[in-house]
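We count ligands from 1, going down the list as the structure has it; atoms in each ligand are counted the same way. Just so you know, these numbers use all the heavy atoms, side chains as well, and skip hydrogens, waters and symmetry mates.
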Amino acid sequence: MITGKKVKTAYFCTHCGAEHAKWQGQCRECGQWNCLVEEKIVTSKTKATTLEIVDKKILSEISFSSHIGYKSGISEFDRVIGGQLLPGMTILLGGEPGIGKSTLVLQVAEAFSRQDRTIIYITGEESLTQLKLRSQRLHVTGNNIIAVNATSLAEINGLLATENFDVVIIDSIQTISSDQYDSPPGTVAQIRESAYQLIGQAKAKGFALILIGHVTKDGMVAGPKLLEHMVDTVIYFEGDQTHLYRLLRATKNRFGSVAEIGLFEMKTEGLVEVANPSSFFLAGYHQDLRSGSVVTAICEGTRPILVEVQALVTSANYGTPQRVAGGLDNKRLALLLAILEKRCGYPMISNDVFVSIAGGLKLSEPSLDLPLLVAIVSSLLNKPLDNKTVVVGEVGLSGEVRGVTMMEKRINEAFKLGFKKMILPYSNLSQCAHSSMELIGVKNIQSALDLFN
Ligand SMILES: Nc1ncnc2c1ncn2[C@@H]1O[C@H](COP(=O)(O)OP(=O)(O)OP(=O)(O)O)[C@@H](O)[C@H]1O
Ligand SMILES: [Mg+2]
Ligand SMILES: [Zn+2]
């Protein structure tokens, strides 16, 4: 029980979490403008209990065996988090409502449970019955998963201090609150304090901590940006509600690359790993010829993926022509169209242009430039490409085709999926060779387009 209560008002930066005594227009820590929010803080005079563990060792004497991590065996998950969970590591899993965060962590928990790891799943969001219903649908038995419905930080801390777990899951950090603060759960002060204490416990007791976080409209984890600095790894679960695939992407990783992605398919029985993304995304690629459709090879992390880019060009009837890009940056499309008009003389100003990535993927890779332009011209002229050719290349302002990374991998992937020919940047040609693929290097857009006309 809190005896001597002290109430004060503080102003928190929603960007970095810094606390200010007075309101001001600019955060003194991070320099952001208009980011301070008022929150009431109740502090008890009796200080919060501190743990006695002091983690202090001579570096050379830290035994390595105590820091060996564990893999879930769900390779799409393991790869994104940097290979394995490590004792004391904290992962923040962000994602839009209903995208499948709870599903993913429950399946990960089950994978560890089957390896006789002990897991505690703390849900502040759902009742234990709801959790059980999901478990049944996902065929999760959960022999070593302890399910707890709690939102009080003090209660959770008590539990974590007295029992030992390998993995602790918090679903979600926005529901946890400390009675040290009067502000409601989900506010900056509460999120900051809860995360701070839980991460401290994880480090002290050596369990791996997975925090689920909701995201705001602009796609950031709700609460202070500070949360992202506090954790070791930040992963986002994204996808399109209208499509079945879900993408796991790391945006920060102290233990591995941030470029890796994990791909899942959402099914009634849960998330299923997509081991061969190229076949998955080319599933709808018809073997009959269509204009405006071009296959390209992108690289996500170290993995090459073949995807189909589609374009539809129709004559604009009145006013400003429409440019609609699905899964791509609209400005990039506008720029590419301007380059096409200026350098190759196609009358793009009198046409509406719609482009998208089949399957609903959201991509930003520069190597998509050339395939997009080829697809656009193919649709404009109503001339289909043959379906054994892959196009890859970045395009510069003067219409030059620039080299891209990991060309060898892209070529091998295209070959594996039965493609015979690849149109690629001329500058990449010298680094690559393939005995069975015909490789054609191009220096500018025009020479690429000439190959089809
Ligand atoms: N009976 C079902 N059959 C198939 N898919 C289902 C079923 N029930 C739920 N789903 C899928 O699971 C998704 C919800 O997953 P989950 O609850 O893991 O998401 P979440 O990210 O944790 O959501 P929240 O933000 O609400 O906590 C739904 O959007 C749907 O795609
Ligand atoms: Mg959930
Ligand atoms: Zn700030």
Task: Met266 N/O to ligand 1 N/O under 3.5 Å - done: no

- [ ] Step through it carefully: locate the ring centre of Tyr70, locate the ring centre of Phe112, and say whether they are under 6.0 Å apart.
- [x] yes

Nearest option to [atom], as decided by whichever heavy atom of [options] sits closest:
atom	options	value
atom 5 (N) of ligand 1	Arg137, Glu269, Glu126	Arg137
atom 17 (O) of ligand 1	Lys101, Arg134, Gln107, His214	Arg134
atom 13 (C) of ligand 1	Gly100, Gly94, Gly98, Pro97	Gly98

[X] bridged to [Y] by N-O distance under 4.0 Å:
X	Y	answer
Glu19	Arg192	yes
Glu110	Arg114	yes
Glu126	Lys101	no
Glu300	Arg249	yes

Would you mind running through ligand 1 and noting each atom that sits below 4.0 Å from a heavy atom of [X]?
X	value
Ser102	18 (O), 20 (P), 22 (O), 27 (O)
Thr103	15 (O), 16 (P), 18 (O)
Glu125	27 (O)

- [ ] Evaluate whether atom CZ of Phe255 has more than 12 neighbouring non-hydrogen atoms of other residues, nucleotides or ligands under 6.0 angstrom away.
- [x] yes

Task: From Val167, Val148, Asp166, residue fulfilling side-chain contact (heavy atoms from CB on, under 4.5 Å) relative to Ile120 - done: Val148

Open item on the list: I'd like to know: is the Zn ion (ligand 3) within the 2.8 Å range of an N/O/S atom from Cys13, strictly under that distance?
Closed with: yes

Open item on the list: Counting backbone and side-chain atoms alike, is an N, O or S atom of Ser102 positioned under 2.8 Å from the Mg ion (ligand 2)?
Closed with: yes

Task: Cys27 atom SG and Cys30 atom SG as seen from the Zn ion (ligand 3), angle to 10 degrees - done: 110°

